[in-house]
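Remarks on the structure that follows.
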Amino acid sequence: MKLVHWISTGGLAALAAATAYAQQAQPRPAPTPQARPTPRMTIPVKALLPATSALFDGYVAQDKMPGIVGAFGVGDGPTLFPAAGRIRDDAGAPAAGPDSLWRVYSMSKPITGMSAMMLIEDGKLNLDDPVSKYIPAFKDMKVAISPDTSLDARPATRPITIRNLLTHTAGLGYSIITKGALLKEYERRGILPASVNAAMEEKMRLVRPTSLEEFANRVATLPLIADPGTKWSYSIGLDVMGRVIEVASGMSFERFVQTRLFDPLKMKSSFWQVPQSEVGRLATNYAFVGDTRTPLDPAATSVFLQKPSFPYGGAGLVMSARDYDRFLHMIQNGGTLDGVRVMKLETIALATSNLLPSGVTYGGVSGGTGGRRAATWALARADRWCWRRRRTARARAPMPGAVRRGRSRGSIRSSGRAAM
């Protein structure tokens, strides 16, 4: 049996910045948004982050990956982007850097989660609204009695809420962890909100819904793995949330994200579909088959050059390290960046608080997501969620949709930012 595991050509979930760099960070901005000049970095990144740079160089030298890039930010100091190698094995491939494009997969979830929080701020959603208020098909859900072996089900004891979708407590499954009879039904009904490569996409498109509306309505016909609000289980909740956002906002999910997040934050390298003009900076995604690194999704023919069946709020984005850092920097600043406010401070506080239903705790992710093996396979796959850290070292709760470690097939992961 062949052992297959995944890496990206670069990307790191950076959880903290170097102490030396922290000493140079500027104070946090005042609550009132003010545009501030970006301090100029005069010390080379390798001098500020010598251990990280050596680690990155070693991964490339040992041929564990063609290239890697990380993003480290502290306060309002300039972000550091240590990098090594190139974005592909191809001769003449560009060097990995802050504007290289990576498949962020599950780090799309926090983007979707914060979009939902914007609508809560607008008064168009409430955390404890039933999802059926926005998608009527979810009114009478059922729970599988033994999902691994049968689709036999009983009525759910309570409705799925917006909170449940955001915190992986809705009782929904996920093709990367669900097993047995329910997994087969997910596959048969096309509940496959992700892209892998062009060859697999041909088969998945034959059964996958062609719109978020159809996707959500199909999900509602399938039994849950547990009663809503009773168990944490990594799920397609943020993909369903994309449809809730459409209904509540009155615009397409991708347009909402573009106009409310990407455009104001000047995130110009974040795509559901990579334009042909940008393919030159798109990394190739690789998989290890045994000990052999093999192109899984070559950049030149990448599935991400195609328009997706619909925007996958749980795994659909391609982004640069620079863009993801801007997203996190906005959260660190309490909803503002470069003098532009996209969310209220109170909304950020709510979003980064513990939103799990009473009595439910985070139970960890299975090996099927890659979370248990990421550190040993490749740092590029690590999905150690970026905590907003304060001087008190008090870790804050993850944003809606976040998981400390999780599946990621080719991504930059989250940038690290420490608040000063």
Go through the structure and list residues passing salt bridge (Lys or Arg N to Asp or Glu O under 4.0 Å) with [X], not counting sequence neighbours.
X	result
Asp297	Arg103
Asp57	Lys46
Glu121	none
Lys133	Asp129

Keeping to residues at least two apart or across chains, list the salt bridge (Lys or Arg N to Asp or Glu O under 4.0 Å) pairs with something in [range].
range	value
residues 267-277	none
residues 272-282	Glu278-Arg281
residues 222-241	Arg154-Asp227

Taking side-chain hydrogen bond (donor to acceptor under 3.5 Å, both in side chains) as the test, write out the residues that go with [X], two or more places apart.
X	result
Thr169	Asn164, Thr167
Asp323	Ser270
Arg158	none

(message) Please determine whether a side-chain nitrogen of the Lys or Arg among Asp122 and Arg260 lies less than 4.0 Å from a carboxylate oxygen of the Asp or Glu.
(response) yes

(request) Mind jotting down which residue pairs meet the ring-ring contact (aromatic ring centres under 6.0 Å, His included) criterion with at least one end in residues 249-270? Sequence neighbours excluded, please. (result)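 Residue pairs passing ring-ring contact (aromatic ring centres under 6.0 Å, His included), neighbours aside: Phe253-Trp272.
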
(message) Side chains of Asp99 and Ser320 only: does a donor on one sit below 3.5 Å from an acceptor on the other?
(response) no

(request) Can you sort out the partners of Pro209 under side-chain contact (heavy atoms from CB on, under 4.5 Å), two or more places apart, ordered by chain and number? (result)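 Partners of Pro209 under the side-chain contact (heavy atoms from CB on, under 4.5 Å) test: Glu214, Phe215, Arg218, Phe310.
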
(request) Could you check if a side-chain atom of Asp89 sits within less than 4.5 angstrom of a side-chain atom of Arg293, using non-hydrogen atoms only? (result)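 Side-chain contact under 4.5 Å: yes.
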
